[in-house]
Amino acid sequence: MGPQELTYLVQGLGWTLILTAMGFLGGIVFGMVVALMRVSSRPWLRYPAIAWIGLFQGTPLLMQLFVAYFGLPLLGFDVPAWAAVGFALTAHASAFLGEIWRGAIQAVPKGQTEAANALGLHSRSRMFDVIVPQAFKLSLPATVGFLVQLLKGTSLAAIVGFIELARAGVIVSNQIYKPLVVFGVVGVMYFAICWPLSLYGRHLERRMAAGVLK
Amino acid sequence: MEQSQQGGARMIEMRKVEKWYGAFHALKSVDLTVRQGERIVLCGPSGSGKSTLIRCINHLETIQDGEIVVSGHRLNDSQKAVDAVRREVGMVFQQFNLFPHKTVLENCILAPMRVRKLSRADAEATARRYLDRVRIGNQAEKYPAQLSGGQQQRVAIARALCMEPKAMLFDEPTSALDPEMVKEVLDTMIGLARDGMTMICVTHEMGFARQVADRVIFMADGEIVEENDPDTFFRNPQHERSRAFLGEILAHH
Ligand SMILES: Nc1ncnc2c1ncn2[C@@H]1O[C@H](COP(=O)(O)OP(=O)(O)OP(=O)(O)O)[C@@H](O)[C@H]1O
Ligand SMILES: [Mg+2]
């Protein structure tokens, strides 16, 4: 495997990171909305969030990518492949992060809400000054865990012809007929990113268990 | 003491209050009037409804019947009435419930800034005054987890005072504390009482009750069973259940 092939793989890796970043950043924004809707006392906010979470947790990411890739053009949105994939990953991540953060919001001790209420804080301040900062810390390990899942999940974008790291591996391997070497390198690349992230997630979890996290 | 019972404006009034948790009748036709400057100690066996009673006063619990008027604001389901009442009434919890991600000072300035719309500088000035008053001014930059239980509870008292409430509710403020820290919190509360704060304290600290209470109210099974000045209540309890309760408490002390 020469420098040319390696460059090709690194380009694929670049796309993998871009897709992950798109999905994760979009997922953070919309996941926050989903989580807040999900814990709302108003049924007309809560039920759509429940449905959204159920839809994306109950179907394979692969199918979600297909639907976005072929469905968006059918609906008249003529978007490039990266945008369709980014759209699907954002929707997917918003559902998963929304559910993770719902759990975290509900895990903040009830006494915090009561203290906020007793002080006369309104729902917005109670949520954003008191509950969300604590929920954010509680959710960090699971959020990092999901980021790792998402990064690996982007390999499914290969199925709609998107050349990210996994797809680049397939192409290079077909060119030079050394699948073991090529996928060895591809594996090392995924590993080099996912493993430190996983370690970091576990580190956060341990610190949290020890009650060090402020 | 007689004076404070007859004088003073009505601060808290509960009339025929009924509270149900599902099928469980937690408060049974509770009548209670607390006048400005009065200090009430509320006691009774576990599960008798003491917490429920004081939590109804600032609408942490809703009632099913009867009425509650606090400083002229009649509590109903309107958020405006609830807000008005919560601005007048501070609460201190058994478990402190400080905000762990905020420093002592930040704990104290949040509500004054958000609810009373004070500037940060004004809120901090108020906060430092009350933190000094509960003798914890030098810990203002620390996080709650860095303080002892007694210190945390004093911060919780200061946090409530920063809203300049007209009345304070205490729900067993010393029960979660190590014995050696009980006194510092009680002393703080005694200081507040001396300064004329209207207070309702759920506590089993009978020394505190003797020292500062104008009235001791004894509850059992969701009802107010006996209501008397501390001297009479401790020396000559009128009701069989209060006698049994006092016997138990004294046996433990
Ligand atoms: N949220 C709730 N749902 C159902 N029942 C409740 C709830 N809160 C309290 N109760 C019940 O209401 C009764 C009164 O509870 P409350 O907490 O007011 O008692 P208490 O006098 O404060 O007791 P303690 O000394 O143990 O704090 C208890 O039997 C309790 O089990
Ligand atoms: Mg109680």
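Note on naming: letters A, B, ... go to the chains in the order of the sequence lines (proteins, then strands), and numbering restarts at 1 for each one.
The two residues B:S148 and B:M181 make their nearest non-hydrogen contact at CB-CE, 3.6 Å. The minimum heavy-atom distance linking A:L119 with B:M163 is given by the pair O-CE, 3.7 Å. Scanning all heavy atoms of the two residues, the minimum distance from B:K50 to B:H204 falls at CE-NE2, 4.0 Å.
No side-chain donor from either of A:Y69 and A:Q64 sits under 3.5 Å from a side-chain acceptor of the other.
B:F99 touches chain A through backbone and side chain together, each having a heavy atom under 4.5 Å away. Heavy atoms of B:L169 lying under 4.5 Å from chain A are absent altogether. Only the backbone of B:V89 has a heavy atom closer than 4.5 Å to any heavy atom of chain A. Interface residue B:R55: only side-chain heavy atoms are found under 4.5 Å from chain A.
The candidate from A:A116, A:P109, A:G111 with the greatest count of non-hydrogen atom pairs under 4.5 Å with chain B is A:G111. Heavy-atom pairs under 4.5 Å with chain A were tallied for B:A111, B:A84, B:G90; the largest tally goes to B:A111.
Atoms CG and CG, on A:L61 and A:L89 in that order, are 6.0 Å from each other to the nearest 0.5 Å.
Of residues 56-69 of chain B, those residues lying under 4.5 Å from chain A by any heavy-atom pair are B:N58, B:L60.
Using a cutoff of 4.0 Å between basic side-chain nitrogens and carboxylate oxygens, B:R133 and B:D195 are scored as salt-bridged. Salt-bridge check for A:R167 with A:E164: failed, with every basic side-chain N at 4.0 Å or more from each acidic carboxylate O.
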I would like to know whether A:W15 and A:T154 meet side-chain hydrogen bond (donor to acceptor under 3.5 Å, both in side chains); could you show each step before the answer?
-> CA-CA 9 Å; A:W15 273 111; A:T154 57; over 6 Å; no
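Shown are B:R135, B:R154, B:Q153; of these, the side chain to side chain donor-acceptor pair (under 3.5 Å) with B:E184 is made only by B:R154.
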